[in-house]
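These figures come from a predicted structure and were not determined experimentally. For reference, positions follow the sequence shown, starting with 1.
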Amino acid sequence: MTLALRSADEQARLDAALVDLFEHKIAFNQVLGLKIASVRPGDVRGLITMKPELVGHYSYGRLHGGVISAVLDAMGGLALMVGIAERHPHDNMLQVMQRFSRMGTIDLRVDYLRPGLGRHFVASAEPTRLGGRIGSTQMRLVNDEGTLIATAAAAYVVA
């Protein structure tokens with residue numbers, strides 16, 4: 001018996017469910033103001049707009065390091081969800097979303113390269129390895145001028 005590949009409509013439902021999960025159902029992402037710009041394989045991006053609640057250094061108005069870390073962590077998890085969906089093209093939206101319940105960050109390293117100055121920031125992520133139990137990612141955060149602010153690498157339990 002051959003299972004059908006995910007239809008374009010089902011893929012659109014999955015994409016919408018991933019955006020909804022990361023923008024609305026993960027409450028902390030709402031605090032951050034995280035908006036998902038793309039959930040395509042090879043192009044997983046989110047953005048945040050600077051606001052007073054995200055400032056870490058009051059004298060300089062810099063983005064808080066914890067915000068940078070949290071946004072990069074979220075994007076790493078999203079990149080793995082996109083990778084899992086791509087690896088399981090026969091799974092429908094509900095089956096892929098069920099896999100998220102078993103995910104969790106087990107290691108996160110952030111390199112803060114420059115002060116978090118800007119009007120908005122774009123975070124991108126890509127899987128570097130997606131095994132049966134563990135997935136790894138690389139992430140980047142740039143400001144509205146394209147200046148690289150931070151990079152990160154993370155590992156997640158995926159099963």
Side-chain angles (χ1 to χ4, degrees), residues 1-51 54 63 67-110 116 118-159:
M1 173 184 199
T2 302
L3 294 173
L5 294 176
R6 194 176 306 117
S7 70
D9 286 345
E10 189 66 14
Q11 184 64 49
R13 281 190 287 279
L14 174 58
D15 292 351
L18 287 170
V19 169
D20 183 56
L21 172 65
F22 278 80
E23 286 187 0
H24 304 290
K25 292 193 169 106
I26 300 175
F28 189 62
N29 289 351
Q30 287 183 304
V31 171
L32 297 171
L34 181 62
K35 297 296 179 194
I36 304 305
S38 176
V39 291
R40 308 304 321 153
D43 183 24
V44 175
R45 286 178 289 116
L47 63 95
I48 59 170
T49 299
M50 188 56 149
K51 57 185 179 179
L54 302 181
L63 191 61
V67 171
I68 292 170
S69 177
V71 168
L72 292 173
D73 184 23
M75 295 311 297
L78 179 57
L80 285 177
M81 286 297 299
V82 170
I84 288 168
E86 190 177 30
R87 177 177 275 188
H88 299 279
H90 303 291
D91 286 3
N92 64 31
M93 179 269 293
L94 291 175
Q95 291 168 313
V96 173
M97 295 303 289
Q98 179 60 34
R99 293 176 187 278
F100 180 76
S101 67
R102 297 187 296 265
M103 277 186 74
T105 308
I106 57 174
D107 186 50
L108 175 66
R109 175 192 165 82
V110 179
R119 292 181 307 261
H120 69 266
F121 302 87
V122 178
S124 58
E126 65 177 322
T128 54
R129 182 180 184 283
L130 181 54
R133 294 185 37 106
I134 305 295
S136 301
T137 61
Q138 293 282 322
M139 298 84 78
R140 297 170 44 92
L141 183 78
V142 299
N143 68 10
D144 51 318
E145 296 177 354
T147 303
L148 183 62
I149 302 299
T151 61
Y156 302 82
V157 171
V158 296

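- Panel note: side chain Ser38, backbone Asp43; a donor-acceptor pair is recorded below 3.5 Å.
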Please output the side-chain donor-acceptor pairs of residues 142-150 that fall under 3.5 Å, not counting sequence neighbours, one pair per line with the distance.
residue : atom : partner : partner atom : Å
Asn143  : OD1  : Glu145  : N            : 2.9
Asn143  : OD1  : Gly146  : N            : 3.2
Asn143  : OD1  : Thr147  : N            : 3.0
Asn143  : ND2  : Leu117  : O            : 2.9
Asp144  : OD1  : Arg119  : N            : 3.1
Asp144  : OD2  : Arg119  : NE           : 3.3
Asp144  : OD2  : Arg119  : NH2          : 2.9

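- At least one side-chain heavy atom of Val110 sits less than 4.5 Å from a side-chain heavy atom of Leu108.
- With a 4.5 Å cut-off on side-chain heavy atoms, His90 and Leu5 count as touching.
- For Ala125, the side-chain contact (heavy atoms from CB on, under 4.5 Å) test picks out Met75, Ala79, Met139, with sequence neighbours left out.
- Residue pairs meeting the salt bridge (charged side-chain N to carboxylate O under 4.0 Å, His left out) criterion with at least one member in residues 24-35, sequence neighbours excluded: Asp20-Lys25.
- Under the side-chain contact (heavy atoms from CB on, under 4.5 Å) criterion, Val157 pairs with Ile106, Ile134, not counting sequence neighbours.
- Residues meeting the side-chain contact (heavy atoms from CB on, under 4.5 Å) test with Asn29, sequence neighbours left out: Phe22, Ile26, Leu32, Leu34, Ala74.
- The two residues Asp91 and Arg6 come nearest to each other via the heavy atoms O-NE, 2.8 Å.
- Partners of Ser7 by side-chain contact (heavy atoms from CB on, under 4.5 Å), not counting sequence neighbours, listed by chain and number: Asp9, Glu10.
- Side-chain atoms of Tyr156 come within 3.5 Å of backbone atoms of Asp73 as a donor-acceptor pair (strictly under, hydrogens ignored).
- The shortest heavy-atom contact between Leu54 and Val31 is CD2-O, 4.3 Å.
- At a threshold of 4.5 Å between non-hydrogen side-chain atoms, the residues Leu63 and Leu141 count as touching.
- Residues Ala85 and Val96 come closest through the heavy atom pair CB-CG1, 3.9 Å.
- Taking both residues in full, the closest heavy atoms of Gly132 and Arg87 are given as N-NH1, 4.3 Å, listed atom of the first, atom of the second, then distance.
- Annotation for Arg140: atom CZ does not count as buried by contact number, only 12 or fewer foreign heavy atoms lying within 6.0 Å.
- Contact between Met81 and Met103 at its shortest, heavy atoms only, is SD-SD, 3.4 Å.
- The closest donor-acceptor contact from the side chain of Thr128 to the backbone of Ser136 lies under 3.5 Å.
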